[in-house]
Amino acid sequence: MSDPFYITTAIAYPNGKPHIGHAYEAIATDAIARFQRLMGRDVRFITGTDEHGLKMVQTARAAGRDTLEFADEMSSYFKEMCDKLNISYTAFVRTSEDRHHQASQALWKAMEASGDLYLDRYEGWYSVRDEAFYDESELHIGEGGIKLSPQDTPVEWTVEETWFFRLSRYQDALLKLFEENPEFIQPDSRRNEVMRFVEGGLRDLSVSRTSFDWGVKVPGSPDHVMYVWVDALTTYMTGVGYPDDRSEFARFWPADVHIIGKDIVRFHAVYWPAFLMSAGLPLPKRIFGHGFLLSRGEKMSKSLGNVVDPMELAHLFGVDALRYFFLREVSFGQDGSYSAEAIVTRVNADLANSFGNLAQRTLSLIFKNCDGYLPEIHGHHREDEELFRTIGNSVSNEIPNHFQNLAMSQGLESWIQAVFACNAYIDAQAPWALKKADPKRMETILATLFISIAQLAVAALPVIPESAKKLLDQMGIPKAVRNFEMIGTHWYSGLAESNYRLEQPQGLFPRLELPLDEGSGT
RNA sequence: GGCGAAGUAGCUCAGCUGGUUAGAGCGGUGGAAUCAUAAUCCAUAGGUCGGGGGUUCAAGUCCCUCCUUCGCUACCA
């Protein structure tokens, strides 16, 4: 059986509809998952929604809705988004599911068994929005004399009985973990922040609430529900069968990487490993905190009116175009900027003009000059070998290495350079001029290009799955060859000898137009 | 206040452990080509690598300092 690979997105809080950040995270995670499949790994890819907590109750109530019914609807938007964006998750986990409650309770019991949970009374300033208590010293006064949390959310004085987790006990173990596994938190700037936070000392964490009941019941304390982060994080285990499906869980846990936003690094890099250590479970291998997408360099906010619906972008420009843009243009781990012009420019230049047009002109030449049959190779020239070397180095070496390191933009940089090399090659060789003068040479050139394009299409599958598949289908590339290992082998003659015949080639990436209402911005 | 990141061609950015004339894409300019989605290819544009100082035979690449932007964190009020 092939090597397992387990990856997750963060589990989204469906308090509102999915925004572009959710789409970005899902797309990036999906590209990695697809890449690993093409590398022959047996992939589990979990995403889902984190539906508990007082905030959901209140939002539902404000809308005059039943909480679960409201959660059903909101969660469905996230699932729809994933399906629309071609996200190849293996399970979409909702924290309101029964199996998830069981998983969370199992984790809780394991932590309790380690003596890390104790009941105490908590009095303090509580922010519903943040689902967190704050010390008086952390508060500041906002407009109208209202006390606000450090996140500028309103707080109220709350007294409740609560379970605590002995987080303080894990300070040294966590620091040791970070020091011995520099890859555990990435990028490095996030790692530094977390380390400094932990070095500053850890307080025990309040991990249950009694002020509402929309959550996972604490075993043996029916008045308590778990702190949302406890059960949200547990989703990563629910998704691979914890606690019942022991073989699935044993096979896929711990996760190879949790892809999350930079704003929730602490929960994943501090609380989560501490919970797991307490429960005696293996820790995820890597936490990757990606950056935020900024609209024309500015943070998205409702007040600025620059909130963009990712579904609208996908509809406007196409799913693959959007996926390509995000992964090519944004250096993974850093913040990125997007705008309609940037998307149109990038997608037209790379996908329509360079790659799409390359495929179109090559396949058209074969269609017209070879009657659609794949041309024979009559011995390669040095220029052909050079092109193969360039493509091979990119497709078999640089791209997989970069993707392996979650450096998608750099992998795509290598990819587009290889595409450029093909365009330079076709212009230099000018096969269209050889139809009568030297038809054999023309055939060899077209075959060389056909092979190169197939390799580039396979390498692009993780990023633009739909269009790359269409292209490979047009080209008649067998399914068995559509992975990083096989596409580098000698499959061409077999395909040519099978008398595969091309249809009239269809354009893959239509040139995009800048929508009228988008072009006039700053 | 502490820690950290960023500041490189008009724009968006690459530049790992310091080493020949600082790179790419887009845009601009001049050519070529016409198979192709008016797409492509070639050449080119002379940017004090935020300012200043230092180490070194040699510094975007190391050290110090200052400026600007951002992140994490602390504290005062």
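So you know, we letter chains A, B, ... as the sequences are listed, proteins then strands, and number each from 1. Given the structure is predicted, the values throughout are model-derived calculations rather than measurements.
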Under 3.5 Å, N/O pairs linking protein and nucleotides 3-9 of chain B:
from, atom 1, to, atom 2, distance (Å)
B/rC3, O2', A/R196, NE, 3.1
B/rC3, O2', A/R196, NH1, 2.5
B/rC3, O2', A/R196, NH2, 3.2

Is there any protein nitrogen or oxygen under 3.5 Å from a nitrogen or oxygen in nucleotides 29-31 of chain B, and what are the pairs?
none

So which protein nitrogen or oxygen atoms get under 3.5 Å of nucleotides 33-35 of chain B's nitrogens or oxygens?
from, atom 1, to, atom 2, distance (Å)
B/rC35, O3', A/K368, NZ, 3.4
B/rC35, O2, A/R361, NE, 3.3
B/rC35, N3, A/R361, NE, 3.4
B/rC35, N3, A/R361, NH2, 2.6
B/rC35, N4, A/R361, NH2, 2.9

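Ring geometry for A/H22 against A/H19 counts as tilted: the plane angle lies between 30° and 60°, on a 0 to 90° scale. Ring planes of A/F178 and A/F184: parallel class, angle under 30° (limits at 30 and 60°).
With sequence neighbours excluded, no residue forms a side chain to side chain donor-acceptor pair (under 3.5 Å) with A/Q474. Residues passing the side-chain contact (heavy atoms from CB on, under 4.5 Å) test with A/P400, sequence neighbours excluded: A/F35, A/M39, A/F484. Partners of A/D263 by salt bridge (Lys or Arg N to Asp or Glu O under 4.0 Å), not counting sequence neighbours: none found. With sequence neighbours left out, the side-chain contact (heavy atoms from CB on, under 4.5 Å) criterion links A/H381 to A/E383, A/D384, A/R441. Every side-chain contact (heavy atoms from CB on, under 4.5 Å) that A/R346 has, sequence neighbours left out, goes to A/Y324, A/F325, A/R328, A/E329, A/D350.
In this structure, A/L358 reaches neither bases nor backbone, as no heavy-atom distance under 4.0 Å exists between it and the strands shown. Among the heavy atoms of the strands lying under 4.0 Å from A/A424 are primed sugar atoms or P, OP1, OP2 only; no base atom is included.
Within the structure, every pair that satisfies the salt bridge (Lys or Arg N to Asp or Glu O under 4.0 Å) test and touches residues 20-33 of chain A, not counting sequence neighbours, is listed here: A/D30-A/R34, A/D30-A/R323. Residue pairs that meet the ring-ring contact (aromatic ring centres under 6.0 Å, His included) test with at least one member in residues 434-459 of chain A, sequence neighbours left out, are A/F450-A/Y492. Evaluation of the salt bridge (Lys or Arg N to Asp or Glu O under 4.0 Å) test over residues 385-401 of chain A, restricted to residues two or more places apart or in two chains, returns A/R382-A/E386.
B/rC41 and B/rC57 have their P atoms separated by 46 Å, with the value rounded to a whole Å.
For the pair A/F325 CZ and B/rC13 C1', the computed distance is 12 Å after rounding to whole Å. Whole-Å rounding puts the A/Q506 CD to B/rA36 P distance at 15 Å. Residue A/E341 contributes atom CD, which lies 14 Å from atom P of B/rG27 at whole-angstrom precision. Distance CD1 (A/I445) to P (B/rC41): 17 Å, rounded to an integer number of Å.
Salt bridge absent: A/D309 and A/K17 never bring a charged side-chain N and a carboxylate O closer than 4.0 Å. Salt-bridge formation is detected for the pair A/D116/A/R169: a Lys NZ or Arg NE/NH1/NH2 atom is positioned less than 4.0 Å from an Asp or Glu carboxylate oxygen.
A distance of 6.0 Å or more separates the ring centres of A/F165 and A/Y271. For A/H268 and A/F288, the ring centers are positioned 6.0 Å apart or more.
Heavy-atom nearest nucleotides on RNA chain B were determined for A/E329 and for A/F197, and the one closer to the 5' end corresponds to A/E329.
Base orientation for B/rG46: anti, the chi torsion being more than 90° from 0.
Across all strands shown, B/rG71 is found opposite B/rC3 as a Watson-Crick or G-U wobble partner, with both distances under 3.5 Å.
Contacts of residues 408-423 of chain A with RNA chain B (heavy atom under 4.0 Å): A/E413, A/Q417, A/F420, A/N423.
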